[in-house]
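Below you'll find the structure, written out as structure tokens, and then a few comments.
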Amino acid sequence: MDFLHKELINREHIGNIIKQALNDDRKLFCRHQHADDNEEVQITCVKSTDTHLYFMVTHCAQFEMQINDLLTIHFTVRHENRFLPCEISVRAKSFRLYQGKLFFYTSYPISIRHRQRRLFARYPVTADCFSQMELAYTNSDYFYRDKWNIFPPELVNIGNISIGGIMLFLRQNDSWEKKLTYKSTLILSCTFNTEDSHPAEKNAFYIAGNILDIQQAGHCKIKQIRAKFSHWTYQHNISWKEIKENEGIEAMAKFLFHYAYKNKLVTY
């Protein structure tokens, strides 16, 4: 992780990371520093100089700004065949409206951070992002499909997901409530929707996860469950791969980032 951390105050290093993201046409998202993630808006970087960054918001009604507002902008960059979610803080210096678009420029960032301490960020992916999604659990030490106990789809609501873990909500039901414990293994079977010629066998996953936490969600009969992924495989090739410490399922990254924000933007 020296890629981001060894030269946090080196302007040239920061500039190279930003330029790499722009050259790769990575999507950028912006929010006020203390705003909720749901208040983010997609932006476009139209120019970068040694002292300022220049941006455009196409749908300016989605975003209100004042001079000197502190903004958080995040994007991904590729490093050693890995997507890293990055985040910068900048201060708005000036803005103007032109032909229904918002143009603004900001100070230059003094550092680049990970969005989280781990090597991946959590994305609000919903079931709509999958052409097929099924959640199950097993109390067996092996991941044999005939040992899976499948949750009825109407009981499952994914909160967020990353390449390393998942947080979800399950409506309580007598058929599983007493059988699902911290020793159980969650099994996620999913196929991502794709809009290109991506090979179908590369977007369909079986994922096993260790349960970290089971909590009552408020006063309703819903359980909040967090799990860390431990093994995964492509659905066409049942050869489970163990996920090493502080790593995730890199093959999922492109799907998670794309569909998370595609799903968010249409809610404005």
Side-chain angles (χ1 to χ4, degrees), residues 1-6 13 16-29 37 74-88 112-135 143 158-168 185-212 226-264:
M1 299 316 299
D2 287 347
F3 176 67
L4 290 183
H5 289 293
K6 72 178 180 181
H13 182 70
N16 288 338
I17 295 176
I18 294 174
K19 289 176 183 177
Q20 178 186 336
L22 299 181
N23 290 337
D24 291 343
D25 292 327
R26 299 292 175 206
K27 293 182 179 180
L28 285 75
F29 299 88
D37 283 354
H74 66 88
F75 51 91
T76 61
V77 294
R78 178 180 286 277
H79 176 61
E80 296 180 350
N81 294 320
R82 181 184 298 277
F83 285 106
L84 300 179
C86 304
E87 185 177 83
I88 60 176
I112 292 184
R113 304 177 298 277
H114 290 294
R115 292 204 69 201
Q116 292 189 353
R117 288 173 295 175
R118 292 170 293 182
L119 303 182
F120 41 82
R122 291 193 177 277
Y123 302 123
V125 175
T126 68
D128 295 337
C129 301
F130 305 101
S131 59
Q132 172 267 331
M133 193 275 287
E134 182 179 83
L135 186 72
F143 305 141
I158 296 180
N160 53 53
I161 187 172
S162 72
I163 61 174
I166 187 172
M167 189 271 286
L168 54 95
T185 298
L186 282 184
I187 304 289
L188 176 65
S189 170
C190 63
T191 303
F192 283 93
N193 290 315
T194 55
E195 299 175 346
D196 52 28
S197 58
H198 196 277
E201 67 272 13
K202 294 296 186 180
N203 68 330
F205 302 87
Y206 287 134
I207 306 166
N210 298 321
I211 295 177
L212 301 177
R226 293 188 303 113
K228 180 180 180 180
F229 296 149
S230 62
H231 296 77
W232 74 280
T233 184
Y234 291 115
Q235 288 188 18
H236 75 287
N237 180 20
I238 310 303
S239 177
W240 293 92
K241 306 172 186 178
E242 184 176 0
I243 300 174
K244 297 180 180 179
E245 187 69 23
N246 295 323
E247 291 189 6
I249 305 171
E250 182 63 27
M252 290 176 59
K254 62 176 75 69
F255 301 110
L256 289 176
F257 188 79
H258 175 75
Y259 284 105
Y261 288 101
K262 177 182 178 182
N263 182 67
K264 280 177 62 176

Verdict with supporting geometry, Leu186 and Leu168, side-chain contact (heavy atoms from CB on, under 4.5 Å) = CA-CA 11 Å; Leu186 282 184; Leu168 54 95; 4.1 Å; yes

Phe130 side chain reached by Ile158 side chain, heavy atoms, under 4.5 Å | yes

Is there a side-chain contact between Phe229 and Ile161, using heavy atoms and a 4.5 Å cut-off?
-> yes

Indicate whether any N or O donor in one side chain lies under 3.5 Å from an N or O acceptor in the other, for Ser189 and Glu134.
-> no

Start with the C-alpha gap between Tyr206 and Trp232, add the side-chain angles, then the distance that decides, and say whether side-chain contact (heavy atoms from CB on, under 4.5 Å) holds.
-> CA-CA 6 Å; Tyr206 287 134; Trp232 74 280; over 6 Å; no

Between [atom1] on residue [X] and [atom2] on residue [Y], distance to nearest 0.5 Å:
{"X": "Gln132", "Y": "Asn203", "atom1": "CD", "atom2": "CG", "answer": "10.0 Å"}
{"X": "Leu28", "Y": "Ile18", "atom1": "CG", "atom2": "CD1", "answer": "9.0 Å"}
{"X": "Lys202", "Y": "Asn237", "atom1": "NZ", "atom2": "CG", "answer": "8.0 Å"}
{"X": "Ile249", "Y": "Thr233", "atom1": "CD1", "atom2": "OG1", "answer": "10.0 Å"}
{"X": "Ile207", "Y": "Ile243", "atom1": "CD1", "atom2": "CD1", "answer": "7.5 Å"}

How about Lys19: does its NZ atom have over 12 heavy atoms from other parts shown lying under 6.0 Å from it?
-> no

Looking only at atom types and distance, does a side-chain atom of Gln235 sit under 3.5 Å from a main-chain N or O of Cys190, one as donor and one as acceptor?
-> yes

Mark yes or no for whether Thr191, through its side chain, and Ser131, through its backbone, hold a donor-acceptor pair below 3.5 Å.
-> no

Can you name the nearest heavy-atom pair linking [X] to [Y], along with the distance?
{"X": "Ala227", "Y": "Gly209", "value": "CB-C, 4.5 Å"}
{"X": "Val77", "Y": "Cys86", "value": "CG2-SG, 3.6 Å"}
{"X": "Tyr234", "Y": "Lys241", "value": "CE1-NZ, 4.3 Å"}

Do the two ring centres, one from Phe29 and one from Phe75, sit under 6.0 Å apart?
-> no

Could you go step by step and tell me if His231 and Thr185 meet the side-chain contact (heavy atoms from CB on, under 4.5 Å) rule?
-> CA-CA 10 Å; His231 296 77; Thr185 298; over 6 Å; no

